[in-house]
Amino acid sequence: NRSSDLGSGSGLMASLRSGWNPLVGNQAPPQEQQQVAGAENVAAEKEATEEKKKEVPDHASVAAVVYTFGFGSDHNATLLEAISEHGGGAYYYIDENEKIPESFADCLGGLLSTVGQNVCLGVVANDGSRITRVHHRRAGEVTESGTRCEVNLGDIQSEESRDVVVELKLPALSGPREESGVVMTSELSYFNAITNMMEKAFVDVRVRRPGVVEETSKKPNKEIDKQRNRVVAAEAMKEATTLADKDQLEKAREVIEKAAAQVGVSVSRDDALSKSLLGDLEKSKMQLSSRTAYHKGGSNFMYMQGQAHAQQRSSAPDDGAYATPRKMMMKKAVKKK
């Protein structure tokens, strides 16, 4: 919406604010507070983007979810991705008119299948262990003691899953410990949208530290490895867009190439997810071949897919990596029409 009648600032920000303020002020249940923002040809000034990002309320303090849609290449992907990131939603880049129905169907299919809201994960290090890093965009600061960190996962839709990669430093032992010990505890809390009740769950992470390690135990876990690949790809795309936005295309390509090389030699390189990551990294590299390619859709693609991999949520009509049955059903329905 490019109307200037809604207040000061760009039409997009004014429209968002006009829809957001009533949600902040009312006390409706969380599941009723969803907001979708669209932007068509809003070539907002790049130099104003950072200031506008500061105006966006933090999703952690407001029970509302914001999704953004950018049509064509002539829009500010940096701003739209930031709005959706702070609003706990997702950014959709629509490069063709034919993809409009499917993109909205993907979004709506997810909203209609929301089963958990205000999902919060707490990780607590035990037995002398220290948390060195939590790989998630919505992770809070690790406490000074290195023993706790909280991650705001937002909402979760039916058939979705969330994987949070945590780096943990174990203390030195005076000798082997054959019995497994609890090195970390995961605490999950969320609002169950089906039962309308708050739920909690706890899981202990146990590790054995024997004197002799069996050969089978030396092999990397493929499930963990592919999630590490996902984190590597998402972080690389985020870093590359930051560099490319400053016209440092060569450095941006190097970041993408390094990530692709790491994923390409991993033990889970033949997994469907890893192949999808390699495909997106290769396409990102092509989009960074020139300023024209990057600004004519490359940045939009990289912002969208980088966020999708970070959140584990589809935001493209042809993205099968995180598409859920409900979303696929909705997209199939609009295709028939």
Side-chain angles (χ1 to χ4, degrees), residues 44 46 49-50 52-54 56 58-60 66-68 70 73 75-93 132-142 149 151-154 162-167 226-264 266 273-274 276-289 291 293-295 297-316 319 321-322:
K46 290 287 183 180
T49 296
E50 291 303 318
K52 290 175 181 177
K53 284 163 64 176
K54 296 176 183 178
V56 182
D58 194 333
H59 172 62
V66 179
Y67 290 79
T68 59
S73 60
H75 66 268
N76 191 333
T78 309
L79 179 59
L80 293 187
E81 191 262 359
I83 290 173
S84 65
E85 191 75 27
H86 283 269
Y91 158 59
Y92 286 76
Y93 163 46
T132 57
R133 188 177 179 187
V134 177
H135 294 270
H136 198 281
R137 291 188 182 184
R138 296 176 185 166
E141 294 291 331
V142 178
C149 181
V151 185
N152 172 26
L153 296 175
R162 294 289 181 269
D163 298 274
V164 179
V165 179
V166 179
E167 290 186 26
K226 72 178 183 180
Q227 296 306 326
R228 183 167 53 187
N229 286 345
R230 177 181 59 80
V231 169
V232 166
E235 291 182 349
M237 294 173 82
K238 185 72 171 180
E239 183 181 354
T241 52
T242 300
L243 290 168
D245 286 343
K246 300 175 182 178
D247 286 334
Q248 299 179 28
L249 295 183
E250 185 176 350
K251 289 184 178 180
R253 286 194 297 271
E254 290 175 359
V255 169
I256 294 297
E257 290 172 353
K258 181 179 178 181
Q262 185 173 341
V263 175
S266 66
L273 175 59
S274 294
S276 175
L277 296 171
L278 285 170
D280 283 348
L281 289 170
E282 181 60 31
K283 185 172 182 179
S284 296
K285 181 182 175 181
M286 293 174 59
Q287 302 285 16
L288 292 166
S289 60
R291 290 186 61 188
Y294 181 70
H295 292 293
S299 64
N300 308 337
F301 169 81
M302 292 175 66
Y303 272 111
M304 178 178 68
Q305 288 305 100
Q307 184 188 61
H309 291 309
Q311 294 184 357
Q312 294 179 278
R313 173 167 291 172
S314 66
S315 55
D319 183 10
Y322 310 108

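Scope of the values below: all heavy atoms of this structure, side chains included, with no hydrogens, waters or symmetry mates. When a residue number appears, it is its place in the shown sequence, counting from 1. In this text the structure is predicted, and so the values were computed from the model without any measurement.
In this pair, Tyr67 and Tyr92 present their aromatic rings tilted. The plane angle is within the 30 to 60° band.
In terms of the side-chain contact (heavy atoms from CB on, under 4.5 Å) criterion, residue partners of Ala310 (sequence neighbours excluded) are, by chain and number, Arg137, Ala234. Taking the side-chain hydrogen bond (donor to acceptor under 3.5 Å, both in side chains) definition, one finds that Thr241 meets it with nothing, sequence neighbours left out.
For His135 and Glu235, the side-chain atoms include at least one donor-acceptor pair closer than 3.5 Å. Side-chain contact of Gln307 with Ser84: a donor-acceptor pair under 3.5 Å is present, judged by distance alone. A donor-acceptor contact closer than 3.5 angstrom is absent between the side chains of Asn300 and Tyr294.
Interatomic distance, OG1 of Thr242 versus CE of Met302, reported as 9.5 Å (0.5 Å rounding). With rounding to the nearest 0.5 angstrom, the CZ atom of Arg133 is 11.0 Å from the SG atom of Cys149. One finds the NE2 atom of His309 at 7.0 Å from the CG atom of Leu281 (value rounded to the nearest 0.5 Å). Atom CG of Asp280 is separated from atom CD of Gln287 by 10.5 Å, given to the nearest 0.5 angstrom. Interatomic distance, Lys285 NZ to Arg253 CZ, rounded to the nearest 0.5 Å: 8.5 Å. Expressed to the nearest 0.5 Å, how far CE of Met304 lies from OG of Ser314 amounts to 10.0 Å.
Counting non-hydrogen atoms of neighbouring residues, nucleotides and ligands closer than 6.0 angstrom, the CD atom of Glu257 exceeds 12 such neighbours. In the displayed structure, Lys251 atom NZ is contacted under 6.0 Å by at most 12 heavy atoms of other residues, nucleotides or ligands.
Met237 places none of its side-chain heavy atoms less than 4.5 Å from the side chain of Val255. Using a 4.5 Å heavy-atom cutoff, the side chains of Phe301 and Ser284 are in contact. Looking at Leu273 and Asn229, their side chains never come closer than 4.5 Å, going by heavy atoms from C-beta outward.
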> Hey, mind stepping through His75 and Tyr93 against side chain to side chain donor-acceptor pair (under 3.5 Å) and telling me if it holds?
Replying inline: CA-CA 10 Å; His75 66 268; Tyr93 163 46; over 6 Å; no
> So Glu85 and Gln311, side-chain contact (heavy atoms from CB on, under 4.5 Å) or not? Walk me through it.
Replying inline: CA-CA 10 Å; Glu85 191 75 27; Gln311 294 184 357; 3.8 Å; yes
>> Before you tell me yes or no, could you show the steps for Arg162 and Val151 under side-chain contact (heavy atoms from CB on, under 4.5 Å), namely the whole-Å CA-CA distance, both residues' side-chain angles and the distance that decides it to 0.1 Å?
In response: CA-CA 11 Å; Arg162 294 289 181 269; Val151 185; over 6 Å; no
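Remark: Arg230 does not engage Asp163 in a salt bridge, criterion side-chain N to carboxylate O under 4.0 Å. Between Lys238 and Glu81 there is a salt bridge, since at least one side-chain N of the basic residue sits less than 4.0 Å from a carboxylate O of the acidic one.
The shortest heavy-atom contact between Gly297 and Ser73 is N-CB, 3.9 Å. Closest of all the heavy-atom pairs between Ala240 and Leu288 is CB-CD1, 4.4 Å. Heavy atoms only, all atoms of each residue included: Lys226 and Leu277 are closest at O-CD1, 4.4 Å. Scanning both residues, Val263 and Ser274, for their nearest heavy atoms gives CG1-O, 4.0 Å. Nearest heavy-atom pair, Arg138 versus Gly88, reported as atom, atom and distance to 0.1 Å: NH2-CA, 3.3 Å.
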